[in-house]
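Encoded as structure tokens, the structure appears first; notes follow it.
In each ligand, atom 1 is the first atom listed, and ligand 1 is the first ligand listed.
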Amino acid sequence: MVDEVNPFESLQEQIDDAAEYLDADEGMIDRLKQPERVLETTLSVEMDDGSIETFRAYRSEFNGDRGPYKGGIRYHPGVNRAEVKALSGWMVYKCAAVDIPYGGGKGGIEIDPSEYSESELERITRTFATELRPLIGEDKDIPAPDVNTGQREMDWIKDTYETLEDTTEPGVVTGKSLDNGGSKGRVEATGRSVSITAREAFEYLDRDISEATVAVQGYGNAGSIGARLIEDQGADVVAVSDSSGAVYDPDGLDARAVKEHKSETGSVVGYEGASRQLTNEELLTLDVDILVPAALENAIDADLAEDVSADVIIEAANGPLTPDADDVLADRDVYVVPDILANAGGVTVSYFEWVQNRQRFGWTEQRVNEELERLVTDAFDAMTTAYEERGTPNFRTAMYTVSIQRVLDAAEKSGLFP
Ligand code: GLU
């Protein structure tokens with residue numbers, strides 16, 4: 001990971017790159033490069049042994065022109081203000097890419113959750129939810145899962161909010177368990193958009209995805225489900241990794257079996273069906289057709305990008321490529337499906353969950369997946385149209401031109417207040 005690249009500066013560079021192709025007021029573009037507000041707070045929480053620990057926590061509300069702030073909450077030792085600001089901005093342009101009525105937000109706690117017991121994590125989460133209470137609400141700001149959080153944490157946030165507010169408001173948070181108002185298909189949704197956009201990219205390039213080989217960096221929710229669904233299209237997933245290392249088999253691994261191995265042992269390393277282990281760098285530069293970075297920001301910098309051998313990159317993670325890496329890859333004719341489209345399935349099904357919560361009416365999984373397919377393929381078409389008509393250097397800038405224009409249109413029509 002390339003620590004010196006500030007993800008917030010990367011976001012601003014991506015916006016500037018796209019603004020060159022738009023006829024937009026400079027002041028309005030500046031407005032779209034900064035968060036509207038950021039909450040930075042210290043959580044003081046009692047541990048199981050009676051001691052008190054403090055944790056830095058953040059929630060950035062980036063832009064609300066198109067609707068309530070929307071985005072996940074991550075638990076990771078690397079969480080910091082710049083990262084949360086960047087991630088909240090990427091949410092704005094992601095929600096606009098798939099044309100759902102949300103702005104963007106993101107939160108996080110600087111913590112390694114593996115070092116805490118379940119009851120400690122519950123108290124930490126409920127303390128954070130108490131801090132978030134004045135900001136969040138189904139029409140204001142709607143958290144969701146992100147790195148190292150899931151249904152369990154979302155259920156705690158919902159319960160804390162509803163108890164303090166003395167109400168029922170399941171749409172205050174998405175990614176909940178099915179028993180607590182979650183949506184069918186939400187867990188698979190991010191991996192599903194990774195798989196749909198891989199299929200669309202191959203169709204666009206006139207290539208057959210069933211003949212493709214795939215490497216996946218990061219085997220959490222997005223990576224493992226994305227791998228499985230791409231494998232279901234006939235492709236061979238030949239290498240996967242997690243923070244402990246990578247496994248490889250030129251004849252193809254079995255994405256489901258690797259996931260089972262990881263669930264049982266805590267890592268993909270040691271999976272018996274693999275012919276050998278790789279380093280993280282070997283995996284990222286492997287001679288495959290599709291590379292799926294599905295871990296954290298800045299996984300690939302300009303130097304590494306020179307050695308990437310894949311033809312297509314599908315960004316399951318948020319911000320895995322630095323802007324300099326993007327330039328190198330565009331020069332080398334590597335097609336990158338950007339994060340704000342490739343992993344947008346998660347927030348799209350969050351939107352469906354919120355709609356179901358508000359209507360108190362649940363959808364079938366088939367309906368969820370059909371609507372997801374429609375929104376993601378429409379966004380892919382909007383991106384490739386912009387790529388061809390505006391002549392942008394890559395798909396990312398094309399997608400940003402579409403998203404920024406949508407946010408500008410909303411802002412312009414409502415005007416500035418006062
Ligand atoms: N954390 C996910 C993302 O980065 C999902 C956000 C959501 O569902 O609101 O897109």
Side-chain angles (χ1 to χ4, degrees), residues 7 11 58-64 66-76 79 83-98 100-109 132 135-151 153-155 157-158 170-177 181-183 185-194 197 218 220-223 225-226 293-297 314-320 337-357 368 371-372 375-376 379 399 403:
L11 164 77
Y58 307 85
R59 180 76 182 170
S60 170
E61 296 184 332
F62 199 92
N63 179 282
R66 285 174 46 89
Y69 309 102
K70 184 82 190 85
I73 289 182
R74 72 169 52 174
Y75 290 0
H76 193 272
V79 164
E83 183 194 54
V84 170
K85 279 162 62 175
L87 290 162
S88 67
W90 285 325
M91 287 309 301
V92 175
Y93 303 105
K94 186 184 303 184
C95 293
V98 282
I100 58 178
Y102 289 140
K106 194 72 139 214
I109 305 181
L132 290 174
L135 297 182
I136 62 178
E138 65 179 8
D139 288 319
K140 292 162 71 179
D141 182 351
I142 306 147
D146 197 79
V147 174
N148 291 330
T149 59
Q151 294 180 342
E153 288 74 17
M154 300 308 116
D155 288 356
I157 294 173
K158 169 181 175 281
V172 66
V173 42
T174 59
K176 302 175 294 290
S177 67
S183 175
R186 175 63 185 83
V187 170
E188 296 79 20
T190 309
R192 198 167 283 281
S193 63
V194 167
T197 54
N221 173 282
I225 295 171
L296 294 169
E297 302 88 77
I314 310 286
E315 291 187 322
N318 290 309
V337 180
D339 47 7
I340 59 168
L341 171 59
N343 71 35
V347 73
T348 304
V349 177
S350 276
Y351 166 54
F352 300 154
E353 179 175 330
W354 179 81
V355 169
Q356 293 170 73
N357 290 158
V368 168
E371 297 279 3
L372 174 63
L375 292 192
V376 172
M399 193 76 259
S403 293

Proximal atoms of ligand 1 relative to [X] (non-hydrogen, under 4.0 Å):
X: G71; answer: 9 (O)
X: G346; answer: 8 (O)
X: K106; answer: 1 (N), 3 (C), 4 (O)
X: M91; answer: 3 (C), 4 (O), 6 (C), 10 (O)
X: D146; answer: 1 (N), 2 (C), 4 (O)
X: V347; answer: 7 (C), 8 (O), 9 (O)
X: A144; answer: 6 (C), 7 (C), 8 (O), 9 (O)
X: K94; answer: 3 (C), 4 (O), 10 (O)

Taking atom CD of Q356 and atom CZ of R186, what is their separation to the nearest 0.5 Å?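 That separation rounds to 12.0 Å.
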Atom CD of E315 and atom CH2 of W90: how far apart are they, to the nearest 0.5 Å?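 It is 9.0 Å, given to the nearest 0.5 Å.
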Residue that, paired with K70, satisfies side chain to side chain contact (heavy atoms under 4.5 Å, CB included) out of I142, D141, I100: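 By the side chain to side chain contact (heavy atoms under 4.5 Å, CB included) criterion, K70 pairs with just one of I142, D141, I100: I142.
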Report the part of N318 (side chain from C-beta onward, or backbone N, CA, C, O) that has a heavy atom under 4.0 Å from ligand 1; answer both or neither where that applies.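 Within the 4.0 Å criterion, N318 contacts ligand 1 through side-chain atoms alone.
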For ligand 1, note which part of M154 has a heavy atom under 4.0 Å away: side chain, backbone, both or neither.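 Answer for M154: neither.
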Less than 4.0 Å is my threshold; does some heavy atom of G175 fall inside it relative to ligand 1?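 Judged by the 4.0 Å heavy-atom criterion, G175 does not count as contacting ligand 1.
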Is there a heavy atom in R74 that sits closer than 4.0 Å to ligand 1?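 In this structure, R74 fails to qualify as a contact of ligand 1 - no heavy atom is under 4.0 Å.
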Report yes or no: do R74 and T149 form a side-chain donor-acceptor pair below 3.5 Å?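 No.
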Closest non-hydrogen protein atom to [atom], residue and atom name please, with distance?
atom: atom 5 (C) of ligand 1; result: R186 NH2, 3.6 Å
atom: atom 9 (O) of ligand 1; result: K70 NZ, 2.8 Å
atom: atom 8 (O) of ligand 1; result: S350 OG, 2.6 Å

Of all the heavy-atom pairs spanning [X] and [Y], show the shortest one and how long it is.
X: G103; Y: C95; answer: O-SG, 3.7 Å
X: P143; Y: V172; answer: CD-O, 3.2 Å
X: H76; Y: N148; answer: CD2-ND2, 4.1 Å

Donor-acceptor pair, distance only, cut-off 3.5 Å: does the side chain of S183 make one with the backbone of E353?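 Checking the backbone N and O of E353 against the side chain of S183, no donor-acceptor pair under 3.5 Å is found.
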Please say whether P145 places an N or O atom under 3.5 Å from an N or O atom belonging to ligand 1.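 Yes; the residue has a nitrogen or oxygen that sits under 3.5 Å from a nitrogen or oxygen of the ligand.
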